[in-house]
Amino acid sequence: MSASPIQQAAASTPARLPGFSIGPVDVAPGLVLAPMSGVTDSPFRRLVKLASGDAVGLVVSEFISIELLTQRQLRMAVRMSFAESERPVAVQLYGSDPERMAEAARVVEGAGVDLLDINCGCPAPKIVRRGGGAGLLRDLPQIARILDATVAAVKIPVTIKIRNGWCENTVNALDTLRVAEEHGAQAIAVHGRTRMQLYRGVADWEVVRAMKAAARIPVLGSGDVLTASDALDRFVTTGCDGVMIGRGAINNPWIFRQIADEVAGREPFAPTWRDTIAVLRAYRGMLDALYPPKVAPGRMRMMLSRLLKGFHYAPDTRVTCLKMKDPGDMLDHLEAVCAALGVLDVRRSIGVSSGDGEAEAA
Ligand SMILES: Cc1cc2nc3c(=O)[nH]c(=O)nc-3n(C[C@H](O)[C@H](O)[C@H](O)COP(=O)(O)O)c2cc1C
């Protein structure tokens, strides 16, 4: 295998991570916010863009049910919404019926999204039982039928996201790659665990390397990238085109920027509590604009809880904020505590989220 752009770049100390293209869509740099149900809604994706700027090459939505989307359920329209500042943006769909997938794909394309991704990796029993998510890894001909119908239905590029395989005895990522290529997928992402592993153990990036060595389409790897050095190591050791970051971005939306800084030889950006409060205030505005008044405070509470994990100065602050009803009060309280303690300009330490949320959220 010849050296990939990132391998060549790494050898010559790059100023910027290279990107790649999915059809007409440039993903540059090749750092992608992974789809996360219950997390990567439009406000979170914009929060990440706000924190990490143009170090984010692509963002992917939470997965959306093709059944509910084609029934025109309002909450699915909310899940599909995005802002111009997010581009390029991919929407991910899940389901198992090819015609329904094609119909849902047309809805997604009509909304102006750049890429459509098909979920072939969700381990949640209620999705797998109906043949969707990782259930599709046990039925590659069905993936072929879904791709045939979907690719024919839309002009935007169609991609898929898979796991290594169903279980350790049926690791079939290379077979799935072949089906994806033969049936028109324009990129493939792989989370290096099997369905049966859920989120246990460590992700196997050897599968990513083997796929990249065999692939004609871009290959993205996913799993356990929590730091800049993790990301660089995965690019260099596998030659993959893109690295997805999921849980690493939940508590640290600045992670993409930190990776870009490190690659460019700069001191990685370390947000202060003032920076943290500023992105939370912006996030609050985005929540208010998108969700009904009953939903926004819950989302805010979740985000505040994640970002306050490293707040050791006054541990009761987190609990006090989380008990509050009004997101504005939460932020005012946090800011007042930071000001009283004199830590507004102190850099926050980064906690890392453990997650089996996909199974929980689905
Ligand atoms: C809370 C949560 C929700 C997730 N939801 C999705 C999803 O909707 N679609 C998907 O393809 N993967 C989903 N995943 C899997 C992630 O995209 C990613 O592949 C996995 O978490 C491994 O990467 P990480 O270690 O960087 O988190 C989810 C993961 C988490 C933690």
Side-chain angles (χ1 to χ4, degrees), residues 30-42 44-45 48 56 58-66 68-69 76 79-80 89-95 115-124 126-128 132-137 143 158-165 173 176 180 185 187-195 197-205 207-208 219-231 233-235 240 242-253 255-256 259 299 302-303 305-306 350-362:
L31 294 175
V32 175
L33 176 64
M36 286 184 286
S37 178
V39 180
T40 57
D41 60 357
S42 177
F44 181 78
R45 299 191 303 261
V48 168
V56 191
L58 174 70
V59 295
V60 189
S61 75
E62 315 176 70
F63 63 4
I64 300 177
S65 153
I66 58 171
L68 299 181
L69 186 66
M76 294 301 126
R79 276 195 167 202
M80 204 174 54
V89 58
V91 160
Q92 189 187 66
L93 297 175
Y94 74 91
L115 296 167
L116 170 70
D117 187 57
I118 297 174
N119 181 308
C120 305
C122 176
K126 82 173 181 198
I127 289 174
V128 164
L136 286 165
L137 300 177
I143 294 186
V158 177
T159 62
I160 68 171
K161 181 164 179 278
I162 66 171
R163 283 181 174 240
N164 286 359
T176 316
I188 187 165
V190 57
H191 174 193
R193 289 184 173 85
T194 64
R195 187 274 167 187
Q197 254 183 300
L198 302 173
Y199 288 85
R200 289 190 290 269
V202 287
D204 174 6
W205 282 74
V207 168
V208 182
V219 173
L220 293 88
S222 168
D224 307 338
V225 173
L226 299 173
T227 63
S229 55
D230 289 344
D233 175 76
R234 302 308 180 269
F235 274 120
C240 67
V243 162
M244 279 190 164
I245 300 176
R247 288 167 293 178
I250 293 183
N251 295 350
N252 180 16
I255 187 169
F256 300 89
I259 294 170
R299 289 255 162 181
M302 253 189 323
M303 184 54 58
S305 164
R306 289 166 184 151
I350 305 297
V352 168
S353 166
S354 70
D356 51 4
E358 186 176 12
E360 277 170 19

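What you see is a predicted model, and the numbers here were worked out from it, not measured in a lab. Read the numbers this way: they start at 1 and go in the same order the structure lists the ligands and their atoms. Counting from 1, the numbers follow the sequence of the chain as shown.
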Please could you name the atoms of ligand 1 that [X] approaches to less than 4.0 Å, counting only its heavy atoms?
X: D224; value: 24 (P), 25 (O), 26 (O)
X: N119; value: 9 (N), 10 (C), 11 (O)
X: R247; value: 21 (O), 24 (P), 25 (O), 26 (O), 27 (O), 31 (C)
X: S37; value: 1 (C), 3 (C), 4 (C), 5 (N), 6 (C), 7 (C), 8 (O)
X: F63; value: 8 (O)
X: A34; value: 17 (O)

To the nearest 0.5 Å, tell me how far [X] [atom1] sits from [Y] [atom2].
X: T40; Y: R79; atom1: OG1; atom2: CZ; value: 8.5 Å
X: N119; Y: E62; atom1: CG; atom2: CD; value: 12.5 Å
X: D224; Y: Y199; atom1: CG; atom2: OH; value: 10.5 Å

Can you check whether [X] has an N/O within less than 3.5 Å of an N/O in ligand 1?
X: S222; result: yes
X: R193; result: no
X: G246; result: yes
X: V39; result: no

(message) Check this for me, if you would: do D204 and R163 make a salt bridge, where the nitrogen-to-carboxylate-oxygen distance has to be below 4.0 angstrom?
(response)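 R163 and D204: not salt-bridged.
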Are [X] and [Y] side-chain neighbours, meaning at least one heavy-atom pair lies under 4.5 Å?
X: M80; Y: L69; result: yes
X: F235; Y: L31; result: yes
X: Y94; Y: I66; result: no
X: L58; Y: L33; result: no

I'd like to know whether ligand 1 has Y94 as a neighbour, heavy-atom separation below 4.0 Å.
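For ligand 1, residue contact (heavy atoms, under 4.0 Å) with Y94 is absent.
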### Proximity flag G223 to ligand 1, non-hydrogen atoms under 4.0 Å
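The answer is yes, since G223 has a heavy atom less than 4.0 Å from ligand 1.
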Notebook entry, point to check: Does a side chain donor of either D117 or T159 reach within less than 3.5 Å of an acceptor in the other side chain?
Noted result: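 Yes, T159 and D117 have a side-chain donor paired with an acceptor closer than 3.5 Å.
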_Heavy-atom distances under 4.0 Å decide this one: backbone, side chain, both or neither, for M36 against ligand 1?_
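It is both parts that get close, each with some atom under 4.0 Å.
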